[in-house]
Amino acid sequence: MRRFVLIAIPYVWLLALFLVPFAIVLKIALSDAAVARPPYFPQFDWAEGIAAFIAELDFENFVWLTEDDLYWKAYLSSLKIAVISTFFTLLAGYPIAYGMARAPEEWRPTLMMLVILPFWTSFLIRVYAWMGILSNEGFLNQFLMWIGVISEPLTILNTNSAVYIGIVYTYLPFMILPVYSALERLDGSLIEAAEDLGCSRLTAFWLVTIPLSKTGIIAGSFLVFIPVLGEFVIPSLLGGSDTLMIGKVLWEEFFSNRDWPVASAVAVVLLLLLVIPIVLFQRNQQKQQEAE
Amino acid sequence: MNRMSWFNAVSLTLGFAFLYIPMVILVIFSFNESKLVTVWAGFSTKWYGELLENEAFLNAAWVTIKVAVFSSTMATVLGTIAAYVLVRGGRFMGRTLFSGMIYAPLVMPEVITGLSLLLLFIGIGLDRGVFTIVLAHTTFAMCYVSVVVSSRLVTFDRSLEEAALDLGCSPAEAFRLVTLPIIAPAVISGWLLAFTLSLDDLVIASFTSGPSATTLPIKIFSAVRLGVSPEINALSTIMISIVTVGVITASLVTKHQVARQKREEQAAERA
Amino acid sequence: MIHFQNVTKRYGEFTAIDNLTIDIYEREFYALLGPSGCGKTTLMRMLAGFETPTEGKIFLAGQDIAPVPPNKRAVNMMFQSYALFPHLSIWENIAFGLKREKMPKHDINDRVEEMLRLTRLEKFARRKPHQISGGQRQRVALARSLAKHPKLLLLDEPLGALDKKLRQDTQFELMDIQEKTGTTFVIVTHDQEEAMTVASRVAVMDHGKIIQVSTPDRIYENPNSVYVADFIGDVNLIEGTAKLNGSDSYAMSWHEGHAPLSIKSPNAFSDGQKCHLAIRPEKVAISADQPAEADNAVQGRILDIAYLGNISTYHVELPTGAVIKAQTANTRRIARRAFTWEDTVWLSWTATAGVLLAD
């Protein structure tokens, strides 16, 4: 009996506040927009019965998503931004993680803390910090003009470049931590063995270190890729009006256009898009657990 | 071997410079005299003064802290129960669905979580305000708590609980007297994580808040959209300092404890 | 005091305990001995209440204990990992069970002090488990499980985590404490030496069944099966066919062209039945010349000598190819040892030295 109550409490909570809301999203995605409160049709009515209600639902919103090129462009552009920024985050994060794993042991907890610290700091503030740096009269332009690389300020803020910088910056800890934990476990004598067997430093790195940190690289990449796909804050603060990301489109569809059915349809498609990387990520985690 | 190569030194220096320079600039320019945030015009703390007189910010901060305290506490209770059920519950009907619901919010884009909760609240006619934000934050934070706590429970030596039962505890007493004190560090870090997530959250709060309740991130976001402002710099500096002090203290305390435990264990084995 | 009646425990397809019936008496030091996976731990966990039998009943002092939860049983257990509560001091660990009984405070004090004295831990009462050594932790676990005066104490591989020297000392301590407290001890172990040392009766288990229950010396001298003979100590096994030769004597023919071996056996065999002679290496004598008055003597060649300090084991190859081990005590200095590799020697033993076992 006690066991039943214990299971039921979190179970019911999640059903009510996670699964049911999502069912509502799905339902509204299949409804039509209407000038009403709430702004969609059909409303569920017990008197008419479920069959009549279901008959009113259709895939019109999803058809609309394919017809208006704003949406599929937004999906494609989100994917592109997520892929490219994940790659750059890896490029920036790997050397840091490598340096940490090779650092003297007594430094490592401190370095670790330095990586975690930004993670506890407000996301919004960290994105905001770049607004002052990247603007036309910002510090980056001031600095570049001062050293004489450029004579005219570069326009970075409100472009896709700013979005990439913002993503790499905010998601860097998510990449560093799993890669670091993979590299730290790596037995140093393996590299010595590879060098002993005739590898150069670089080939030893390529043939031993990289393959053995693969699980960390994959985990880190997914930890960056998955949330970036639905990112809203970074494109809306650092991106320009031509920066298309699906999270931003959903937000605007909901708050500006008040088109709930389309916003819901956008959400459903985004989620479907996420299923593949999430499943792949889980498989990677399982493999890693089995390996341990 | 233990000496760092120049390559590692350079990559660490550049890496940490990249991570910290933006925040350092932010902090420095919160003490700028001028309203122009990119031109230094002398030291001043006047923006902190103005911030403290800005009632809208203070109200938002108060709402945020209230929401964070309530939601993280509820999330910790629910998340710990969920972790316990997940690790110790054995088989029950719908276990797969349950663990799916625990892990899904971790990867769910915030816009979707926010949207779906908003539609639920409207559907059942719940007025949006502090209460709805607390519900929303509790739901997604409890999943983080349960992941943190269950990873501790997995490594928990089950014979400790069995020993408690063997010595006359009821299952509830065994949990209260033995399991909970031992997993307490994980529960506390779960609470801190939930608290921070709630403090930070913009997207879900934007969806689930009503006109009566504005949280600090919502306030900051609407101010920041109009451009950089020294007041926000001052606010950011305060938040960064709190986090910095907290994280450094926590890591020093942990380091000290680990070192002491190691020393005592070695001493015991030698004796 | 404890009676297992046709107890069976299954986990899905796997049968951990197979229709088992045993009795354990009061004040006994009872050892369950067997390889890992033989079901001995399951048996113990059923006594503690962490497992319930699939079939059959367990009685403690005449009462069926199936419906009694672990926290209501007058049975305490000492865990293999010790399971000391890391957040409580040694004193609080020992007092833990007493406090659950709502015992008055000064009684708890007295009892804990008594247990600390018994296990010689007075100095460590205020320490936490991580601040004491492995041997001390083992004693705390023992003190904690004895504190409640259980009718029955279960010990799950209690000495497994200790090094060999400490283990031997602790074995005698355990026997001492068992005698002083008069509690029934049931110990689970895979270490036959440990079981033989501490226990008054040993039950040898395999695949969920009890193979033999007896006192340590009878288990060693009169194993009831090839399995037990092989599991306990070192043994030579010679296969052959029995032939009755007098009332309880047999002539076992074991190899063509060799005289049959003469053996006295209490176990009855019919003529021509397949059997094994089990004989301990220390009961086989080794000599250069053919002994005059031995019941059995065979000739062989020394293959290997294992010098263990106090004793030496000779591996002697018979003309049949079989290898027999013979042990002698090294009462002389090694320089004057009589035999060396490749020497041809005689092995001999008396008719009562070994036991005859069925297949």
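Residue numbers start from 1 in every chain, and the chains themselves are labelled A, B, ... in the order their sequence lines are given, proteins ahead of strands.
In this structure, OH in A:Tyr11 is found 16.0 Å from CD1 in B:Ile81, a value given to the nearest 0.5 Å. The CD atom of B:Glu110 lies 10.5 Å from the CZ atom of A:Phe232; values are rounded to the nearest 0.5 Å. The CG atom of B:Asp201 sits 10.0 Å away from the OG atom of A:Ser122 when rounded to the nearest 0.5 Å. With rounding to the nearest 0.5 angstrom, the OG1 atom of B:Thr254 is 10.5 Å from the CE atom of A:Met113. Between the OG atom of B:Ser11 and the CZ atom of A:Arg102 there is a distance of 11.5 Å, given to the nearest 0.5 Å. Here the CG-OG distance, from A:Leu124 to B:Ser236, works out to 8.0 Å after rounding to the nearest 0.5 Å.
Counting non-hydrogen atoms of neighbouring residues, nucleotides and ligands closer than 6.0 angstrom, the CG atom of A:Leu202 reaches no more than 12 such neighbours. Applying the 6.0 Å contact sphere to CZ of A:Phe143 captures no more than 12 heavy atoms from other residues, nucleotides or ligands. Around CZ of B:Phe131, the count of heavy atoms belonging to other residues, nucleotides or ligands within 6.0 Å does not exceed 12. By the 6.0 Å contact criterion, CZ on B:Phe16 is enclosed, its count of non-hydrogen atoms from other residues, nucleotides or ligands being greater than 12. Residue A:Lys248 qualifies as enclosed at atom NZ: its count of foreign heavy atoms under 6.0 Å is above 12.
Centroid-to-centroid, the aromatic rings of A:Phe18 and B:Phe140 stay 6.0 Å apart or farther. In this structure, the ring of A:Tyr128 has its center no less than 6.0 angstrom from the ring center of B:Phe221. Between A:Trp130 and B:Phe18, a ring centre-to-centre spacing shorter than 6.0 Å is recorded.
Contact annotation for A:Ala97: neither backbone nor side-chain heavy atoms come within less than 4.5 Å of a heavy atom of chain B. Of the atoms belonging to B:Ile21, not a single heavy atom falls under 4.5 Å from chain A. For chain B, no part of A:Phe222 is nearby; none of its heavy atoms comes within less than 4.5 Å. Looking at B:Leu202, only its side chain comes within 4.5 Å of chain A, counting heavy atoms on both sides. Both the backbone and the side chain of B:Leu135 have a heavy atom closer than 4.5 Å to some heavy atom of chain A. Looking at A:Ser264, both its backbone and its side chain come within 4.5 Å of chain B, counting heavy atoms on both sides. Heavy atoms of A:Leu26 lying under 4.5 Å from chain B are absent altogether. Contacts of A:Tyr169 with chain B are made by both backbone and side-chain atoms, with heavy-atom separations under 4.5 Å. Interface residue A:Phe22: backbone and side-chain heavy atoms are both found under 4.5 Å from chain B. Of the two parts of A:Met100, the backbone and the side chain both hold a non-hydrogen atom closer than 4.5 Å to a non-hydrogen atom of chain B. Contacts of B:Met93 with chain A are made by backbone atoms alone, with heavy-atom separations under 4.5 Å and no side-chain atom involved. Both the backbone and the side chain of B:Leu78 come within less than 4.5 Å of a heavy atom in chain A. Heavy atoms of A:Pro118 lying under 4.5 Å from chain B belong to its backbone as well as its side chain. For B:Ser251, the part lying near chain A is the side chain, with the backbone staying farther off; criterion is any non-hydrogen pair under 4.5 Å. When heavy atoms are compared at a cutoff of 4.5 Å, A:Trp120 approaches chain B by way of both its backbone and its side chain. At a 4.5 Å heavy-atom cutoff, the contact between B:Ile248 and chain A is made by backbone and side-chain atoms alike. Both the backbone and the side chain of A:Leu271 come within contact range of chain B, with heavy atoms under 4.5 Å apart. For chain B, the nearby part of A:Ile278 is the side chain; its heavy atoms alone come within less than 4.5 Å. Using a 4.5 Å cut-off between heavy atoms, A:Leu17 touches chain B through backbone and side chain atoms alike. A:Leu14 touches chain B through backbone and side chain together, each having a heavy atom under 4.5 Å away. For A:Val266, no part sits under 4.5 Å from any heavy atom of chain B, backbone or side chain.
Contacts with chain B were tallied for A:Leu237, A:Leu19, A:Ile133; A:Leu237 has the most, counting heavy-atom pairs under 4.5 Å. Ranked by non-hydrogen atom pairs under 4.5 Å with chain A, the options B:Ile240, B:Leu14, B:Ile220, B:Leu193 are led by B:Leu193. For the set B:Ala82, B:Ala136, B:Gly246, B:Ser146, the count of heavy-atom pairs under 4.5 angstrom toward chain A peaks at B:Ala82. The residue among B:Val77, B:Val85, B:Thr13, B:Leu235 with the most heavy atom pairs within less than 4.5 Å of chain A is B:Val85. Listed options A:Ile96, A:Val168, A:Val25, A:Thr170 were ranked by heavy-atom pairs under 4.5 angstrom with chain B; first place goes to A:Ile96. The residue among B:Ala172, B:Ser206, B:Cys143, B:Pro171 with the most heavy atom pairs within less than 4.5 Å of chain A is B:Ser206. Comparing B:Gly100, B:Gly79, B:Pro22 by heavy-atom pairs within less than 4.5 Å of chain A, the highest count is held by B:Pro22. Of the listed residues (A:Tyr98, A:Trp251, A:Phe123), the one with the most heavy-atom contacts under 4.5 Å to chain B is A:Trp251. Between chain A and the options B:Leu199, B:Ile242, B:Leu192, heavy-atom pairs under 4.5 Å are most frequent for B:Leu192. The residue among A:Val268, A:Leu111, A:Ile116, A:Leu229 with the most heavy atom pairs within less than 4.5 Å of chain B is A:Leu111.
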Would you give me the side-chain donor-acceptor pairs under 3.5 Å for residues 114-126 of chain B, sequence neighbours excluded?
residue: B:Ser116; atom: OG; partner: B:Ile112; partner atom: O; Å: 3.2
residue: B:Ser116; atom: OG; partner: B:Thr113; partner atom: O; Å: 3.0

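The shortest distance between side-chain heavy atoms of B:Leu97 and A:Leu15 falls below 4.5 Å. Looking only at side-chain heavy atoms (C-beta outward), A:Thr121 and B:Met239 stay at 4.5 Å or farther from each other. Counting only heavy atoms from C-beta outward, the side chains of A:Ile7 and B:Phe98 never approach each other to under 4.5 Å. The closest side-chain heavy-atom distance from A:Ser236 to B:Arg225 is below 4.5 Å. A:Val233 places a side-chain heavy atom less than 4.5 Å from the side chain of B:Val203.
Between the side chain of A:Arg3 and the main chain of B:Gly89, a donor-acceptor pair closer than 3.5 Å is present.
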Working note: A:Phe255 + B:Phe207, criterion ring pair (Phe, Tyr, Trp, His ring centres under 6.0 Å); need CA distance, chi angles, decisive distance, verdict.
CA-CA 9 Å; A:Phe255 284 110; B:Phe207 275 101; 5.0 Å; yes

When you look at B:Leu19 and A:Leu114, which way does the side-chain contact (heavy atoms from CB on, under 4.5 Å) test go after all the steps?
CA-CA 9 Å; B:Leu19 276 175; A:Leu114 284 173; over 6 Å; no

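Here the closest heavy-atom approach between residue A:Gly230 and residue B:Pro109 is recorded as CA-CB, 4.1 Å.
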